[in-house]
Visitor: 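Pasting in a structure now, in structure tokens, and then I'll have a few things to ask.
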Amino acid sequence: MNANEIIEIENQHAAGTYAKQALVIVRGQGALLFDADGVEYLDCAAGHGVANLGHAHPKIAEALYKQANTLITLFESFPNDQRAMVMQKLTSLVDGLDRVFLCNSGTESVEAAFKFSRLSTGRKNIVAAMRAFHGRTYGSLSATYNKKYREGFEPLVPGFSHVAYNNIEALEKAVDEETAAVILEVVQGEGGVYPASAEYIQAARRICDERGALLIVDEIQTGFGRTGKMFAIEHFGVTPDLLCCAKSLAGGVPMGAVLIGKRIKNLVPGVHGSTFGGNPLSCAAANAALNVIAEEDLVGQAAAKGKYLMEKLSAIQSPNIREVRGLGLMIGIEMKQKVAPYVKALQEKHIIALNAGMTVIRLLPPLVITYEQIDRLVEALSEVLSRTEDEGQ
Ligand SMILES: *Cc1c(COP(=O)(O)O)cnc(C)c1O
């Protein structure tokens with residue numbers, strides 16, 4: 001099958017829910033992706049933050065090969081060595097979160113957190129933030145703010161409301177004795193790369209405590225080193241009641257998890273479950289991924305490389321840039337114009353970047369990106385971002 005045939009087949013047979021690039025990717029290595037002709041691209045999207053360890057990491061490949069030859073599937077009713085190990089590792093990451101529910105994706109971890117919150121508190125309402133993105137199944141979609149994701153799918157789940165992000169007063173007003181949980185991203189990803197302030201996250205903890213509500217943090221994009229801490233919440237010294245993670249948890253293999261605090265009650269056999277949740281193959285990949293994060297100090301690397309990249313970006317002189325913001329290696333460049341032409345121009349320079357909304361370029365490179373590759377990214381960005389419209393973006 002040649003590249004044109006591949007594109008043709010996907011255009012003809014895919015459901016149609018994705019805007020497809022005319023670029024076939026067949027292989028990856030570290031922070032690089034390669035097309036069907038072997039042409040190299042620098043991946044600064046990492047599958048929206050899935051490939052924190054880079055592509056084709058040998059430790060992940062080895063763990064998958066070994067486990068595939070040992071045991072791929074096992075329902076969670078039966079204990080298993082790989083699963084026990086991943087449970088031990090995950091619950092050792094955050095003090096006070098001693099239990100874990102395993103699933104297969106981000107949205108599933110958010111759904112589980114909502115179900116656990118209602119079950120635990122006997123309350124119905126969930127307070128989320130404006131600009132929030134929590135996923136696309138009905139519960140998580142009800143917490144997602146942007147109407148572009150919601151339109152056409154109503155009625156959504158009742159009991160959800162949205163308040164301005166980073167606004168303590170709005171949260172004070174919205175959370176009451178009927179609130180089961182507040183859900184927040186620590187850095188809003190899809191919404192435009194907006195980091196929370198320390199005061200806001202700390203106030204959210206206090207407000208939830210005062211009103212008997214639970215605090216859920218969605219670390220699906222910010223988790224596993226992305227922001228220069230294992231979890232972004234560590235920047236603010238706050239422990240949530242439920243922590244959702246997925247994306248890079250298993251080194252690129254599909255897996256999600258909810259870490260669960262002591263205040264969560266009523267989790268008894270039968271109240272929730274997942275056929276593939278906690279399967280030994282994904283667990284083996286997650287064990288390998290967590291080992292790699294520790295061995296290669298990817299958390300420290302994200303902090304150092306994020307600082308380096310942020311300094312370089314801040315030095316770019318362009319009247320088109322409104323603001324550069326972010327945390328660790330999760331960076332948004334807000335432009336004064338729509339960013340689609342910039343993202344396209346970057347791709348022509350063999351750099352894959354993301355947008356976050358209409359006016360923000362989002363950079364989520366693998367944490368293993370080299371300093372040389374960062375320099376290459378910065379060079380391309382300084383050239384592309386300084387262009388004006390009539391220079392043919
Ligand atoms: C990607 C993402 C999700 C949804 O994860 P899926 O695996 O696509 O269901 C939820 N919340 C945040 C913050 C995300 O970045």
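Only heavy atoms go into these numbers, but all of them, side chains included; no hydrogens, no water, no symmetry mates. Counting starts at 1 for both ligands and their atoms, following the listed order.
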Visitor: Is Thr70 close to Pro280 at the side-chain level, that is, under 4.5 Å between some pair of heavy atoms?
Guide: no
Visitor: Quick one: are Asn52 and Leu298 in side-chain contact, heavy atoms under 4.5 Å?
Guide: no
Visitor: Less than 3.5 Å between some nitrogen or oxygen of Thr107 and one of ligand 1, yes or no?
Guide: yes
Visitor: How far is atom 2 (C) of ligand 1 from the closest protein heavy atom, and which atom is that?
Guide: Lys247 NZ, 2.6 Å
Visitor: When you measure from the side chain of Asp241 to the backbone N and O of Leu215, does any donor-acceptor pair fall under 3.5 Å?
Guide: yes
Visitor: Kindly state if atom 7 (O) of ligand 1 has a protein heavy atom within a strict 4.0 Å cut-off, that is, under 4.0 Å?
Guide: yes
Visitor: Just to confirm my output: which protein heavy-atom neighbour is closest to atom 5 (O) of ligand 1, and how far is it?
Guide: Gly106 CA, 3.3 Å
Visitor: Begin from the C-alpha positions of Leu119 and Val271 and carry the test side chain to side chain contact (heavy atoms under 4.5 Å, CB included) through to its verdict.
Guide: CA-CA 9 Å; Leu119 192 69; Val271 297; 3.9 Å; yes
Visitor: Measure the distances from the heavy atoms of His48 to every atom of ligand 1 and state whether one is below 4.0 angstrom.
Guide: no
Visitor: For ligand 1, which part of Asp218 has a heavy atom less than 4.0 Å away: the side chain, the backbone, both, or neither?
Guide: side chain
Visitor: Do any N/O atoms on Gln221 end up under 3.5 angstrom from N/O atoms on ligand 1?
Guide: yes
Visitor: Step through the shown structure and confirm whether more than 12 heavy atoms of other residues, nucleotides or ligands are within 6.0 Å of CD on Glu379.
Guide: no
Visitor: Is it the case that ligand 1 has an N or O less than 3.5 angstrom from some N or O of Ile220?
Guide: no
Visitor: Determine whether the side chain, the backbone, both or neither of His134 has a heavy atom under 4.0 Å from any heavy atom of ligand 1.
Guide: backbone
Visitor: Please verify the inter-ring angle class for Tyr200 with Tyr165; under 30° counts as parallel, over 60° as perpendicular, anything in between as tilted.
Guide: perpendicular
Visitor: Would you find a donor on one side and an acceptor on the other, under 3.5 Å apart, between the side chain of Thr222 and the backbone of Val187?
Guide: no
